[in-house]
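What follows is a single structure, written as structure tokens, with notes after it.
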Amino acid sequence: MVQAVAPNLVAAVNEARQWDRLMEMAKLGAIPGDSPDDQGVNRPCLSPEDRQARRLIIGWAEAIGLKVSVDALGNLFFRHEGTEAGAAPVVSGSHMDSQPKGGRFDGIYGVIAAFEAVQALREAGVSTKRPIEVVAWTNEEGGRFAPGCMGSMAYAGYAPPNTWDEIRDNAGIRWADALAEHQAAEADIARRPLGVVEGPTPFAYVEAHIEQGPVLEQKGLDVGVVTGIQGSRWFSVEIRGRSDHAGTTPLSVRRDAMQDAIRAITALNTLMRDPTDVLRFTVARMEVFPNASNSVADLVRFSIDFRHPDNAVLQARGNAIEGVIQAALTTCTAQVFERFHATPAVFDPLVTDAVQRAAEAQGLGWLRMPSGAFHDAQFMVPLCPTGMIFVPCRGGVSHNPAEFSTAPQLAAGTRVLAQVLAELANG
């Protein structure tokens, strides 16, 4: 069944207003890209730039009469009231923090799109039985404090809110201290219970996002109906050897941590080989000590990011990582720490079907597709019917100042979101 489009609601989504707000947000933490046409964003979680961005959208929310509140993890909410007292809310949003060399649309589009959709509902005079809450989740990216998705994980009860207190950023600042400073700066904002740990369960959750991949653009389509998110496992590896003089120590007696790290990564590449090219395996961060050109390395640390949509593969190969590393070593020792583990998420037809109906009703080209990147939506799946809406991005580029989507592409996704929120909030 194709849902009838609500023309007054769709027309109320203001493409120019949404774009202008995105560009205003992009000024906060702005960094240059590789060309004059690109502009990136470096807006770390709990940073002054993050607080500026939050104050900006809080001002917009108060101006249109939305109720503003914040929870113990800094998750920020804007509430549009429904007509049915005590009804569970429909929640929509994303995050406002960025990667160190991020783009203008990752995460923040989902927050601004939800905000625009709610404003369009109000301006079109569309009432809803259920309240709608726009959310900006804390620390989705994990660029300053790892892992990401702390705010949504705590909200969902996936981990206790004090789980990450001792995690430090590159400057040595503890998460707990940064959060306390942030909360003090927002002491004037009403506090709310922390998600399902202390408060009610949402009726549904919808997140709009740029695709961060090339599929929609290559196929000339407008909307991705996201069916789920592949699972992720993150590891930190430490290879320990002994530092010696590079000019005098024979190779036969060295305990060279760099050479054993290379052997370990080579063995892991063999473990993760996948002819179908579905599996994702990345070693992207490496630290070497003492990091001197004429000294043998005594310590190498590197990261592992492993993802797959099939939980059986995710578990089997993820569980094999430590053994493969240990077997590859010749003279050194290794410790392997798992930092993050999220199983694949499957989205609920209540939401995915609503997204498809809205896209069809508006005459948009759509595709059912999984998400390769993880999102806060992944942690909402156990709580309530959950789904996502993707819009195309140029070349599939993301986590890069060259990340780009056009104003019409973004507005099309927001019009779909507005119709989906209206349907869910009146269901």
Side-chain angles (χ1 to χ4, degrees), residues 1 3 6 9 66-67 69 71 75-95 109-111 113-122 126-137 140 149 151-153 155-158 192-197 199-209 223-229 345-361 366 368 370-371 374-390 413-427:
M1 179 186 72
Q3 180 191 15
L9 171 56
L66 300 183
K67 180 180 177 182
S69 61
D71 67 20
N75 297 316
L76 182 63
F77 293 84
F78 311 107
R79 185 179 175 96
H80 162 79
E81 291 293 350
T83 60
E84 190 175 287
V90 175
V91 181
S92 181
S94 191
H95 61 94
Y109 165 61
V111 179
F115 191 93
E116 177 62 36
V118 167
Q119 187 166 357
L121 280 163
R122 293 165 73 90
V126 178
S127 64
T128 62
K129 292 190 300 182
R130 302 181 182 279
I132 300 173
E133 293 189 328
V134 178
V135 61
W137 300 110
E140 191 272 351
C149 293
S152 53
M153 283 196 282
Y155 178 98
Y158 184 89
R192 62 182 282 139
L194 177 60
V196 297
V197 178
T201 300
F203 175 76
Y205 176 75
V206 194
E207 183 169 346
H209 210 282
V223 170
V225 181
V226 187
T227 55
I229 301 175
V346 178
F347 290 155
D348 194 292
L350 179 72
V351 180
T352 56
D353 290 353
V355 173
Q356 181 177 324
R357 283 195 296 272
E360 290 176 344
W366 57 270
R368 284 185 172 258
S371 171
F374 70 87
H375 301 278
D376 293 299
Q378 189 158 352
F379 299 97
M380 299 297 286
V381 168
L383 305 185
C384 61
T386 296
M388 294 187 70
I389 300 166
F390 277 172
T414 303
R415 293 185 186 105
V416 170
L417 176 63
Q419 193 165 341
V420 170
L421 293 179
E423 178 182 339
L424 294 173
N426 280 314

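The figures that follow rest on heavy atoms only: side chains count, while hydrogens, waters and symmetry mates do not. The structure presented is a predicted model; accordingly, all values stated were derived computationally and were not measured.
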Exercise. Under the side chain to side chain donor-acceptor pair (under 3.5 Å) rule, collect the residues that match up with D353, sequence neighbours excluded.
Key: R368
Exercise. State, to 0.1 Å, how close A377 and F347 come at their nearest heavy-atom pair, and which atoms those are.
Key: CB-CZ, 4.0 Å
Self-check item: N426 side-chain N/O to K129 backbone N/O, donor-acceptor pair under 3.5 Å
Solution: yes
Self-check item: Heavy-atom pair with the smallest gap, counting every atom of A208 and S94
Solution: O-CB, 4.4 Å
Quiz item: Given V135, which of F78, Y155, F77 fulfils the side chain to side chain contact (heavy atoms under 4.5 Å, CB included) condition?
Solution: F77
Quiz item: With F374, which residues qualify under ring-ring contact (aromatic ring centres under 6.0 Å, His included), at least two apart?
Solution: W234, F340
Exercise. Identify the two heavy atoms, one from P202 and one from V196, that lie closest to each other, and give their separation to 0.1 Å.
Key: CD-CG1, 4.2 Å
Quiz prompt | Partners meeting side chain to side chain donor-acceptor pair (under 3.5 Å) with R79 (sequence neighbours left out) | solution = E81, E133
Practice problem: Tell me, please, which residues at least two apart from S127 pass side chain to side chain contact (heavy atoms under 4.5 Å, CB included). | Solution: T83
Practice problem: Please test E423 against Q419 for side-chain hydrogen bond (donor to acceptor under 3.5 Å, both in side chains), starting from the C-alpha separation and ending with a verdict. | Solution: CA-CA 6 Å; E423 178 182 339; Q419 193 165 341; over 6 Å; no
Quiz item: Does the side chain of V351 come within less than 4.5 Å of T386's, by heavy atoms?
Solution: no
Quiz item: With a 4.5 Å heavy-atom cut-off, do M388 and Q378 have their side chains touching?
Solution: no
Exercise. Using a 4.5 Å cut-off on heavy atoms from C-beta on, say whether the side chain of V223 contacts that of I389.
Key: yes
Quiz item: How long is the gap from CG on L421 to CD1 on I132, to the nearest 0.5 Å?
Solution: 5.0 Å
Quiz item: Going by heavy atoms in the side chains, are L66 and R122 under 4.5 Å from each other?
Solution: yes
Exercise. Please name all residues satisfying side chain to side chain contact (heavy atoms under 4.5 Å, CB included) with V197, sequence neighbours left out, ordered by chain then number.
Key: none
Self-check item: By side chain to side chain donor-acceptor pair (under 3.5 Å) - contacts of S371 (at least two apart)
Solution: H375
Quiz item: Residues two or more places apart in sequence or in another chain: which of them pass side chain to side chain contact (heavy atoms under 4.5 Å, CB included) with D348?
Solution: L350, P385
Practice problem: Considering non-hydrogen atoms only, spot the tightest contact between D376 and S152 and give its length. | Solution: OD1-OG, 2.6 Å
Practice problem: Could you tell me which residues satisfy side chain to side chain donor-acceptor pair (under 3.5 Å) with Y205, sequence neighbours excluded, listed by chain and number? | Solution: W137, E207
Self-check item: Closest contact, heavy atoms only, A358 versus V420
Solution: CB-CG2, 4.0 Å
Quiz item: So how far is it from L76 CG to H95 NE2, rounded to the nearest 0.5 Å?
Solution: 14.5 Å
Self-check item: H80 NE2 to T128 OG1 distance, which is reported to the nearest 0.5 Å
Solution: 3.5 Å
Exercise. Would you name the heavy atoms of L424 and A204 that are closest together and state the gap between them?
Key: CD1-CB, 4.1 Å
Quiz item: How many angstroms lie between atom OG1 of T201 and atom CG of L383, to the nearest 0.5 angstrom?
Solution: 6.5 Å
Quiz item: Can you name the ring-ring contact (aromatic ring centres under 6.0 Å, His included) partners of F203, sequence neighbours left out?
Solution: none
Quiz item: Looking at residues at least two apart in the chain, or sitting in another chain, which of them share a side chain to side chain contact (heavy atoms under 4.5 Å, CB included) with A120?
Solution: L9, A12, V13
